[in-house]
Every structure is written in C-alpha cells, then in structure tokens.
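Structure first, then comments.
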Amino acid sequence: MRKQWWKVLAILLVGYTITAGLLADVPRLPILNEAIRVLHFHVPMWFGMIALFTVSVIYSVRHLQNPSLKHDVYAIEFANTGMLFGILGILSGSLWAKFTWGAFWTNDAKLNGAAIAMLIYSAYFILRGSFSDEQQRSRVSAIYNIFAYSTLIPLLFVLPRMTDSLHPGNGGNPGFNAYDLDSNLRIVFYPAVIGWTLMGLWFTSLRIRLHIIKQKHNESLEENLLRNSSRSMAERS
C-alpha cells in the first residue's frame, strides 16, 4: 500500500477537481463567465501532456544511448497517454472557444499549432507500424520522437506569442494569471494539474504492464510453435 499512495492521491485530486471545478464559485469575468471553469480541465491536461511527452522523449534518448526494449516500451506508452491528453485538451479547448469566441475552432495561431503538433505525433505511431524489424523500428521511432518533441515547444509556446492570437497569454492578450482571480480558482487549478498528471502516469503504467504481458504471451506462442514444428520434423524423419 505504501507504493500505491500516489494512485490514491490521483483519485482524490481528480475527484476533487471534477466536483469543485463544476460546482465551486468562480469569478464573474466579462465574456468568460461560467466558461472559465474549463481552466481546471483544459490547461491541466496540457500540462500533463507536456510532462508525458517529456518523459517519452527522455526514454527515446536513453534508448539511442543504450538500446533497450524497456526504454522503447516506456517511450511509446508515455507518448500514447500524452496523445490522449492532447486530444482531450483540444476537445475541452474547443468547447471553451464555442462559448467564448462563438465557434468551436477559429483561425488562431495556438489552435492551429496544437493541431499540427498532434498530427506530427500521430505520424510517430504510424511510423512505428511501418517497420517489421523490432530494432530498426525502435531506433527510427526514437529519432522521430525527438524531432516531434522539438517541434512541440515552438508550436505551442513560441509561435503563438509572435503572432496575433485570441488565446489567453498569447498575441498580446493577458493570461489568466493577469486577471483579478480569487482563491477559488487557484485552490482547484493547482490540485488539478497534479491530479491529472498523476492520473496520466497511472494510466501509462497500466499500459506498460499490458504491453509487457502481451509481449511475453507472443514470445511463449512463438516458442510453442517452434517446439511443435521441431517435433513434427523429428517425427517425419
């Protein structure tokens, strides 16, 4: 139980985020109004996505330095969960945009950058499926993962600040921290960042365990096939 404390913490924080994020009082700001509640879901998911992609690229670098099946599995599974968080972040952001800007999607630098970043990472998963050789697949995908991560930061944090953008904190617009926000937002937002990130780590750990189980199962099947084929050849001879 001592090793599972962070999972309990993740459940408590996410449960608190959902409850307080939907029911707690929020500042009544012009235009934003109740839509500001998405701050507890949209932004923490993007924080979690960045954290997961960062861990993924670290394992890709480690795999290039010291090739290991473990490093490759960790890299792909952290990227998988990061992609999930990215999609959830885009969906929640689109919902916020509908009630704030009047449309689910606008020609905004940060929105377009986020979409391009997700497409680049989608190519990472497609690339992995195009190789049959395991060593070649892991090495090439590790290199591409580094490339994908290197494009993620400029697309999300650099380019939107250099061009016109409706998104808070970009294109000359003030970020949420520049508004006169009361403590009701902060006491939910900070636990939300920790909670969603921990939930992402938990989900990734489950996927890693499932990946290892499937791999061992496939290896046992291959061994049985080899044994059966060798027996049949011996009987024929």
Taking the side chain as everything from C-beta on, heavy atoms only, tell me whether Val43 gets closer than 4.5 Å to Val193.
no
Gap between atom CD1 of Ile212 and atom NZ of Lys70 - 0.5 Å precision:
8.5 Å
Short side-chain to backbone donor-acceptor contact, Asn66 and Arg62, under 3.5 Å:
no
Atom pair CD1/CD1 of Ile213 and Ile208 - distance to nearest 0.5 Å
12.0 Å
For Ile87 versus Met118, what's the shortest heavy-atom pair and its separation?
N-SD, 4.2 Å
Indicate yes or no for a side-chain donor-acceptor contact from His63 to the backbone of Ser68 under 3.5 Å, with no hydrogens or angles considered.
yes
Please test Asn145 against Ser60 for side-chain hydrogen bond (donor to acceptor under 3.5 Å, both in side chains), starting from the C-alpha separation and ending with a verdict.
CA-CA 7 Å; Asn145 193 16; Ser60 289; 2.7 Å; yes
Report yes if the side chains of Met83 and Ser122 come closer than 4.5 Å at any heavy-atom pair, otherwise no.
yes
Phe104 side chain reached by Leu91 side chain, heavy atoms, under 4.5 Å:
no
Quick check: is Leu119 connected to Val57 through a chain of hydrophobic side chains (ILVMFWY, heavy atoms under 4.5 Å apart)?
no
Before you tell me yes or no, could you show the steps for Thr54 and Tyr149 under side-chain hydrogen bond (donor to acceptor under 3.5 Å, both in side chains), namely the whole-Å CA-CA distance, both residues' side-chain angles and the distance that decides it to 0.1 Å?
CA-CA 8 Å; Thr54 301; Tyr149 186 82; 2.7 Å; yes
Is any side-chain heavy atom of Leu152 closer than 4.5 Å to a side-chain heavy atom of Ile50?
yes
Minimum heavy-atom separation for Leu198 to Leu9, with atom names?
CD1-CD2, 3.9 Å
For residues Ser92 and Val38, report the shortest heavy-atom separation together with the two atoms involved.
O-CG2, 3.5 Å
CG of Leu206 to NE2 of His211, rounded to nearest 0.5 Å, is 14.5 Å
Value for CH2 (Trp196) from CH2 (Trp46), rounded to nearest 0.5 Å, stands at 15.0 Å
Search all heavy atoms of His40 against all heavy atoms of Gly21 and return the closest pair with its distance.
CD2-CA, 3.6 Å
Step-by-step side-chain contact (heavy atoms from CB on, under 4.5 Å) determination, Val188 to Tyr16:
CA-CA 8 Å; Val188 180; Tyr16 167 73; 3.8 Å; yes
Ile76 side chain reached by Ser56 side chain, heavy atoms, under 4.5 Å
no
Rounded to the nearest 0.5 Å, how far does OG of Ser205 lie from CG of Leu210?
11.5 Å
Worked verdict on Ile90 versus Leu111 for side-chain contact (heavy atoms from CB on, under 4.5 Å):
CA-CA 8 Å; Ile90 288 180; Leu111 293 181; over 6 Å; no
According to a hydrophobic-cluster definition based on side-chain heavy atoms being under 4.5 Å apart (Ile, Leu, Val, Met, Phe, Trp, Tyr only), do Ile126 and Ile116 belong together?
no
Any Met199 side-chain heavy atom under 4.5 Å of Phe203 side chain
no
Side-chain heavy-atom pair Trp202, Ile11 within 4.5 angstrom cut-off
yes
Within the supplied structure, the quantity of interest is the number of heavy atoms (other residues, nucleotides, ligands) at a distance under 6.0 Å from Lys7 NZ; does it exceed 12?
yes
Using the benzene-type ring in the case of Trp, are the ring centres of Phe47 and Phe85 under 6.0 Å apart?
no
Check this for me: Arg139, atom CZ, are more than 12 non-hydrogen atoms of other residues, nucleotides or ligands nearer than 6.0 Å?
no
The ring pair (Phe, Tyr, Trp, His ring centres under 6.0 Å) partner of Phe53 among Tyr121, Tyr59, Phe78 is Tyr121
Nearest-0.5 Å distance that lies between atom OG1 in Thr151 and atom CD1 in Ile146:
12.5 Å
Could you report the tightest heavy-atom contact between Leu201 and Leu52, atom names first, then the distance?
CD2-CD2, 4.1 Å
Got Leu69 and Tyr74 here, is their nearest side-chain heavy-atom distance under 4.5 Å?
no
For residues 125-148, which residue pairs qualify under ring-ring contact (aromatic ring centres under 6.0 Å, His included), counting only residues two or more places apart or in two chains?
Tyr144-Phe147
Nearest heavy-atom neighbours spanning Thr204 and Gly200:
OG1-O, 2.7 Å
